[in-house]
Number of protein chains: 2
Amino acid sequence: MPDAADPAPMNARRKFRREGEERRRQDLIEATLDSVAEHGLEGATLRTIALRADVTAGLIRHYFPGKEELLQEAYTALVGRMTEQAKAALVMEDASPRQRLAAFVTANLNAPIIDARVFSLWATFLGRASADPTLARAHREGYLGFRNEVEAVVAEVLAAEQRKPDASQLRHHAIAINAIIDGLWIEGCLAGEMFSPGELAAIGIKTVEAELGLAPEREENQ
Amino acid sequence: MPDAADPAPMNARRKFRREGEERRRQDLIEATLDSVAEHGLEGATLRTIALRADVTAGLIRHYFPGKEELLQEAYTALVGRMTEQAKAALVMEDASPRQRLAAFVTANLNAPIIDARVFSLWATFLGRASADPTLARAHREGYLGFRNEVEAVVAEVLAAEQRKPDASQLRHHAIAINAIIDGLWIEGCLAGEMFSPGELAAIGIKTVEAELGLAPEREENQ
DNA sequence: GGCCTTGTTATGCAAGTGTATAAATAGCCT
DNA sequence: AGGCTATTTATACACTTGCATAACAAGGCC
């Protein structure tokens with residue numbers, strides 16, 4: 001029974017905790033990505049983001065010059081995380097190049113890289129990349145890093161097969177394989193339930209190996 | 001010298017012409033796509049769109065129940081146009097299945113299908129598809145139509161080679177080829193200047209034919 | 001314990017948003 | 001030519017947006 005005897009002020013100011021700077025920035029970026037994934041760039045308002053980070057809107061301006069910068073940093077963080085995860089699949093000691101390539105493809109065509117939320121973010125930001133040079137650069141760097149990684153593995157695989165491709169052939173292989181992975185990734189993210197588990201990865205490996213002209217592993221149907 | 005003698009009223013009402021209903025709707029949809037491509041979903045306001053269509057904002061409500069419906073119709077129109085263009089490359093009389101497949105790949109990896117504006121639109125809308133069932137359905141239908149088209153050509157090509165793939169193999173080929181085209185399409189749209197003219201198409205044809213296990217056309221390097 | 005810094009909240013504001021409604025006029029019909 | 005109707009413009013409104021600024025208090029320091 002809230003009455004005159006109630007000692008609590010009825011217009012209590014919101015309680016809060018001071019967090020470390022890095023932690024707050026991280027939380028705000030995460031909240032931004034969540035908001036964008038759920039409501040799109042249009043629906044990701046400062047107030048929505050702040051609410052998700054359990055903070056009031058004004059605080060954002062204490063860490064970021066403006067909304068634009070927050071979005072850019074969020075996208076940069078996203079791209080960084082994506083390529084980092086992708087490359088992580090490559091660090092396998094004592095595995096043949098061909099196995100490492102297969103593992104790379106498999107990793108990129110399963111969770112957590114195949115993920116509707118990440119895809120939504122990827123597409124949303126990329127749609128604005130053609131108009132925003134900062135976003136375009138963030139994407140470009142991630143993309144080239146990924147493709148170089150692919151090219152390096154391809155070179156190893158072919159070397160293990162005693163083949164000496166020139167730079168142009170290597171580049172073409174990398175472009176093609178990159179396209180295969182990207183294309184299957186999109187299909188998986190958009191319509192994951194249309195594929196049985198592991199199906200996309202199996203298709204990816206087969207297609208990549210065909211592109212490289214590697215002999216089928218064992219069974220030769222048609 | 002605009003003075004008291006000037007017969008023209010100083011607050012003249014805007015002159016306008018009455019257009020046919022279909023024409024106006026078409027114009028408004030086109031203006032919407034332009035706005036979204038340039039400013040993103042967030043920047044595509046009714047006033048911006050109306051300005052581009054050379055009309056005042058209120059008129060939009062005369063043709064569409066609300067902004068959402070306008071955006072949905074615009075996306076549907078875009079998807080329809082894209083798949084239509086893609087399929088158009090398939091109607092070649094007296095050409096071998098393999099030639100038709102190659103022509104299909106080539107058409108999809110050159111202008112006007114490789115186009116930064118279309119890509120921007122595609123990505124922007126797709127980013128919101130996971131949250132908007134109407135957009136998701138529009139995309140799904142376009143995608144399945146495209147893939148069925150691919151599957152049909154693949155079946156013809158393999159039949160011409162006396163091969164009898166079962167339904168599962170056919171499906172896998174279609175998925176893979178669709179991914180190759182999509183992936184290369186994205187690369188071309190986002191970084192067209194990194195590729196020489198025709199390079200993407202050449203890579204696409206080679207990769208697709210490798211995936212299908214077709215013997216190389218003539219020259220056999222490694 | 002009391003103070004001081006600064007992270008945090010609260011409030012305000014001008015600009016812009018989508019939508020509703022009233023007023024005007026273009027162009028067809030007779 | 002003159003009237004009718006529906007397309008089009010104009011205006012208003014309630015609400016949201018990003019940003020600015022002032023008030024406040026959390027937590028380290030002496």
Side-chain angles (χ1 to χ4, degrees), chain A residues 7-32 35-36 38-75 124 128 132 134, chain B residues 7-32 35-36 38-75 124 128 132 134:
Chain A
M10 39 185 305
N11 272 359
R13 196 183 176 88
R14 195 180 198 276
K15 291 284 185 261
F16 63 92
R17 282 199 348 153
R18 301 184 144 187
E19 295 282 359
E21 154 150 6
E22 209 40 55
R23 168 68 186 276
R24 266 280 189 268
R25 291 179 65 90
Q26 208 61 23
D27 282 355
L28 285 173
I29 286 181
E30 206 56 42
T32 303
S35 288
V36 173
E38 190 160 337
H39 309 106
L41 277 176
E42 32 163 0
T45 72
L46 290 182
R47 287 169 176 83
T48 300
I49 294 170
L51 192 67
R52 227 179 248 271
D54 203 44
V55 139
T56 51
L59 185 61
I60 294 181
R61 284 265 317 187
H62 194 260
Y63 288 98
F64 300 90
K67 190 190 182 186
E68 185 135 336
E69 286 82 1
L70 171 60
L71 287 173
Q72 287 167 354
E73 285 209 33
Y75 183 52
T124 301
R128 243 187 58 163
D132 184 335
T134 307
Chain B
M10 38 185 307
N11 269 1
R13 198 183 173 87
R14 195 179 198 277
K15 292 282 188 264
F16 62 91
R17 282 198 351 154
R18 302 184 143 186
E19 295 282 0
E21 155 151 5
E22 208 41 54
R23 169 68 186 275
R24 264 280 134 79
R25 292 179 64 90
Q26 207 63 22
D27 282 355
L28 285 174
I29 285 180
E30 204 56 42
T32 302
S35 289
V36 173
E38 190 159 337
H39 308 106
L41 277 176
E42 32 163 359
T45 73
L46 290 180
R47 286 167 176 84
T48 301
I49 294 170
L51 193 67
R52 241 193 174 80
D54 203 42
V55 138
T56 51
L59 185 61
I60 294 182
R61 284 263 320 192
H62 194 261
Y63 288 98
F64 300 92
K67 191 191 183 186
E68 185 135 336
E69 287 81 1
L70 171 60
L71 287 173
Q72 287 168 353
E73 284 208 33
Y75 183 53
T124 300
R128 244 188 57 163
D132 184 335
T134 307

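Residue numbering restarts at 1 for every chain, and letters A, B, ... go by the order of the sequence lines.
- Residues satisfying the side chain to side chain contact (heavy atoms under 4.5 Å, CB included) test with A/Phe16, not counting sequence neighbours, are A/Arg18.
- In this structure, B/Thr56 has no side chain to side chain donor-acceptor pair (under 3.5 Å) partners at least two apart in sequence or on a different chain.
- The CD1-P distance, from B/Ile60 to D/dA10, rounds to 15 Å in whole Å.
- A rotation axis mapping the C1' atoms of four pairs onto the next four is fitted at both ends of the helix from C/dG1-D/dC30 to C/dT30-D/dA1 over five pairs, and the angle between these axes is 0° to 10 degrees.
- Under the rule for a side chain to side chain contact (heavy atoms under 4.5 Å, CB included), the partners of A/His62 that lie at least two apart in sequence or sit in another chain are A/Leu59.
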Measure all distances between protein nitrogen or oxygen atoms and nitrogen or oxygen atoms of nucleotides 26-30 of chain D, and list the pairs falling under 3.5 Å.
residue: D/dA26; atom: N3; partner: A/Arg18; partner atom: NH1; Å: 3.1
residue: D/dA26; atom: N3; partner: A/Arg18; partner atom: NH2; Å: 3.3

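- The side chain to side chain contact (heavy atoms under 4.5 Å, CB included) test with A/His39 is passed by exactly one of A/Thr124, A/Thr48, A/Thr45: A/Thr48.
- Nearest nucleotide to the side chain of A/Glu19, out of D/dT8, C/dT8, C/dT9: C/dT8.
- Checking B/Arg25, B/Arg23, B/Glu30 one by one against B/Asp27, the side chain to side chain contact (heavy atoms under 4.5 Å, CB included) holds for a single residue, B/Arg23.
- Going from atom CZ of A/Phe64 over to atom P of C/dG7 covers 14 Å, rounded to whole Å.
- Spacing between atom CG of B/Leu28 and atom P of D/dT8 amounts to 9 Å, rounded to whole angstrom units.
- With sequence neighbours left out, B/Arg17 forms a side chain to side chain contact (heavy atoms under 4.5 Å, CB included) with B/Glu19.
- Side-chain contact between A/Gln72 and A/Asp132: present, with at least one pair of heavy atoms (C-beta onward) separated by less than 4.5 Å.
- Under the salt bridge (charged side-chain N to carboxylate O under 4.0 Å, His left out) criterion, A/Glu38 pairs with A/Arg52, not counting sequence neighbours.
- The interatomic distance linking A/Leu41 (CG) with D/dG18 (P) rounds to 11 Å, in whole Å.
- Between A/Tyr63 and A/Ile29, the closest side-chain pair of non-hydrogen atoms is not below 4.5 Å.
- Side chains of A/Leu41 and B/Leu41 form no contact here, defined as non-hydrogen atoms less than 4.5 Å apart.
- In this structure, A/Tyr63 reaches the C/dT8 phosphate: one of its side-chain N or O atoms is under 4.0 Å from OP1 or OP2.
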Distances for protein N or O near nucleotides 15-18 of chain C N or O, under 3.5 Å:
residue: C/dG18; atom: OP1; partner: B/Lys67; partner atom: NZ; Å: 2.8
residue: C/dG18; atom: OP2; partner: B/Leu46; partner atom: N; Å: 2.9
residue: C/dG18; atom: N7; partner: B/Arg47; partner atom: NH1; Å: 3.0
residue: C/dG18; atom: O6; partner: B/Arg47; partner atom: NH2; Å: 3.2

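- Applying the side chain to side chain contact (heavy atoms under 4.5 Å, CB included) criterion to A/Gln26, with sequence neighbours excluded, gives A/Glu22.
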Using a cutoff of under 3.5 Å, can you pull out all pairs of nitrogen or oxygen atoms linking the protein to nucleotides 21-23 of chain D, with atom names and distances?
residue: D/dA23; atom: N3; partner: A/Arg13; partner atom: NH2; Å: 3.4

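- Screening residues 54-70 of chain A for salt bridge (charged side-chain N to carboxylate O under 4.0 Å, His left out), with sequence neighbours left out, gives A/Arg14-A/Asp54.
- Legend: residues meeting salt bridge (charged side-chain N to carboxylate O under 4.0 Å, His left out) with B/Arg47, ordered by chain and number and at least two apart, are absent.
- OP1 or OP2 of D/dT7 sits under 4.0 Å from a side-chain N or O of B/His62.
- One interatomic measurement links the two molecules: CZ of A/Arg24 to C1' of C/dT8, which rounds to 8 Å at whole-angstrom precision.
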